[in-house]
Amino acid sequence: MTKFRLFSDNHYYYNKHYNEEYTNEMFSKLNDGFDGINLIAGDVGASPDEVKDFCNTFIPGQRAIIIGGNHFMYGCQAKYEQINEEYEKVLGDYISEETPAIFVNRKEVICYESEGNYNLDAPVVFGATLWTNFMLNGAERQLKAMSDAEFGVSDFRCTYSVPQSSYRGVILSAYDMWKEFEHTLADIKMAYIRAQQQGRKFILMTHFPVTPESTAEEFAGSPLNPYFCSDLRQWIIENIPN
């Protein structure tokens with residue numbers, strides 16, 4: 001049976017910069033001979049090389065499926081689509097002993113026990129950032145939530161530079177996030193159908209939470225919550241019930 005270990009938002013490079021001794025003490029506990037698959041649900045570092053450094057340092061030789069969080073845009077001077085391509089190039093594109101860490105964006109991975117072992121019971125992991133649709137407080141407040149987020153969340157002020165030009169543009173706008181959200185839901189549904197047809201268990205890994213219960217009590221009522229969290233309870237019941 002495939003074993004999984006889930007963690008997220010360790011912000012490795014930020015912590016390393018401010019408290020390297022504590023960071024090494026905490027993260028070194030991951031290098032414990034774990035023989036399953038690490039599910040890393042976003043925001044390890046701010047660039048593909050930082051994520052690769054984390055994997056080589058703290059989970060060497062361990063298999064990992066990694067998705068991008070909102071901070072994965074910060075260290076890349078490129079458009080959103082190019083960032084995804086760079087992560088996939090740096091972190092490989094399949095699980096094996098040679099490239100144990102892979103980056104997944106809106107696609108599924110069949111978790112074979114080992115390379116070449118085509119176990120029909122191997123589960124499927126679908127990984128995606130799953131940006132919010134800004135509708136946590138209802139459709140009638142969606143536009144206000146998008147505006148509040150663009151004004152109040154630093155993610156929207158991440159910019160890229162076009163070579164040999166002073167032009168700067170937003171990597172991912174609130175509207176882009178909403179479009180990506182809709183496309184991701186369609187991909188999740190198709191991946192789930194394929195897993196059901198193959199008789200495989202289906203695991204959905206996202207960076208942005210999918211139920212309002214994920215919001216910590218101290219942030220209840222914050223106008224920024226619709227950016228950080230969606231309400232997909234009914235959608236999950238209707239589309240991926242298992």
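FYI, side chains are in, hydrogens and waters are out, and symmetry mates aren't considered; it's all heavy atoms of this structure.
Separation of the Tyr192 and Phe126 ring centroids does not fall under the 6.0 Å cut-off.
Looking at every heavy atom in both residues, Gly45 comes nearest to Tyr87 through O-OH, 4.0 Å. The shortest non-hydrogen separation linking Asp148 to Leu224 is O-CD2, 3.5 Å. For the residue pair Glu50 and Tyr12, the shortest heavy atom distance occurs at O-CD2, 4.1 Å. Met73 approaches Ile83 most closely through the heavy-atom pair CA-CD1, 4.0 Å. Closest approach of Tyr80 and Ile171 over heavy atoms only: N-CG2, 3.7 Å. Pairing each heavy atom of Thr129 with each of Phe72, the nearest pair is OG1-CE2, 4.5 Å.
With contacts defined as side-chain heavy-atom distances shorter than 4.5 Å, the pair Phe58/Asn10 does not qualify. Contact of the Ile65 side chain with the Asn38 side chain is not registered, since no non-hydrogen atoms from C-beta on lie closer than 4.5 Å. Between Leu30 and Phe7, some side-chain heavy-atom pair lies under the 4.5 Å cut-off. The shortest side-chain heavy-atom distance between Val125 and Phe4 falls under the 4.5 Å cut-off. The side-chain heavy atoms of Leu185 and Leu130, taken from C-beta on, include a pair separated by under 4.5 Å. Between Asn31 and Ile59, every side-chain heavy-atom pair lies at or beyond the 4.5 Å cut-off. The shortest distance between side-chain heavy atoms of Tyr22 and Asn15 does not fall below 4.5 Å. The side-chain heavy atoms of Asn105 and Glu88, taken from C-beta on, include a pair separated by under 4.5 Å.
In terms of modelled atom types and a separation under 3.5 Å, the side chain of Thr132 and the main chain of Ser230 share no donor-acceptor contact. In this structure a side-chain-to-backbone donor-acceptor pair under 3.5 Å is missing from Asp53 to Asp49. Side-chain N or O atoms of Arg200 include none that pairs as donor or acceptor with a backbone N or O of Ala195 at under 3.5 Å. With hydrogens and angles disregarded, a donor-acceptor distance shorter than 3.5 Å links the side chain of Glu150 to the backbone of Ala174.
With a 6.0 Å radius and a threshold of 12 heavy atoms from other residues, nucleotides or ligands, Lys107 has its NZ atom above the threshold.
Side-chain contact annotation: Gln234 with Glu238, donor-acceptor N/O pair under 3.5 Å present.
A continuous path of hydrophobic side-chain contacts links Phe27 to Ile66 [ILVMFWY only; heavy atoms under 4.5 Å]. Under a hydrophobic clustering in which Ile, Leu, Val, Met, Phe, Trp and Tyr are joined whenever their side-chain heavy atoms come within less than 4.5 Å, directly or via other members, Val210 and Phe202 fall into the same cluster. In the hydrophobic cluster analysis, where Ile, Leu, Val, Met, Phe, Trp and Tyr join through side-chain heavy atoms closer than 4.5 angstrom, Val124 is grouped together with Leu204. Linking Ile, Leu, Val, Met, Phe, Trp and Tyr whenever their side-chain heavy atoms come within less than 4.5 Å leaves Met190 and Ile236 in two separate clusters. Hydrophobic cluster membership is shared by Trp131 and Val153, with clusters built from Ile, Leu, Val, Met, Phe, Trp and Tyr side chains linked at under 4.5 angstrom.
Here the CG-CG distance, from Asp155 to Asn70, works out to 4.0 Å after rounding to the nearest 0.5 Å. Rounded to the nearest 0.5 Å, atoms CG (Asn19) and CD (Glu25) are 9.5 Å apart. Distance check: Asp231 CG to Asn137 CG gives 9.5 Å after rounding to the nearest 0.5 Å. If you take CG on Asn133 and CE on Met146, they are separated by 9.5 Å, rounding to the nearest 0.5 Å. We find the CD-OG distance between Glu180 and Ser173 to be 11.5 Å, quoted to the nearest 0.5 Å. Atom CZ in Arg63 sits 4.0 Å away from atom CD1 in Ile37 (nearest 0.5 Å).
The residues Lys179 and Glu182 are annotated as not salt-bridged, no charged nitrogen and carboxylate oxygen being separated by less than 4.0 angstrom. Ion pair Arg5/Asp32 flagged as a salt bridge, since at least one NZ, NE, NH1 or NH2 atom sits closer than 4.0 Å to an Asp/Glu carboxylate oxygen. Looking at Asp35 and Lys3, a side-chain N of the basic residue comes within less than 4.0 Å of a carboxylate O on the acidic one, giving a salt bridge.
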Mind running side chain to side chain contact (heavy atoms under 4.5 Å, CB included) on Val104 and Met205 for me, showing each step along the way?
CA-CA 10 Å; Val104 177; Met205 177 171 63; over 6 Å; no
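Aromatic ring pairs are classed by plane angle as parallel below 30°, tilted from 30° to 60° and perpendicular above 60°; the pair His71 and Tyr74 is parallel.
Each of Phe181, Phe151, Trp178, Phe208 was checked for a ring-ring contact (aromatic ring centres under 6.0 Å, His included) with Tyr227, and the lone residue meeting it is Phe208. Exactly one residue among Asn239, Thr184, Ile240 makes a side-chain contact (heavy atoms from CB on, under 4.5 Å) with Lys189. That residue is Asn239.
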Going by atom type alone, with no hydrogens or angles, which donor-acceptor pairs under 3.5 Å involve a side-chain atom of residues 213-220 and a protein atom two or more places apart or on another chain?
from   : atom 1 : to     : atom 2 : distance (Å)
Glu213 : OE2    : Arg233 : NH1    : 3.0
Ser214 : OG     : Thr211 : O      : 3.2
Ser214 : OG     : Thr211 : OG1    : 3.4
Thr215 : OG1    : Pro212 : O      : 3.3

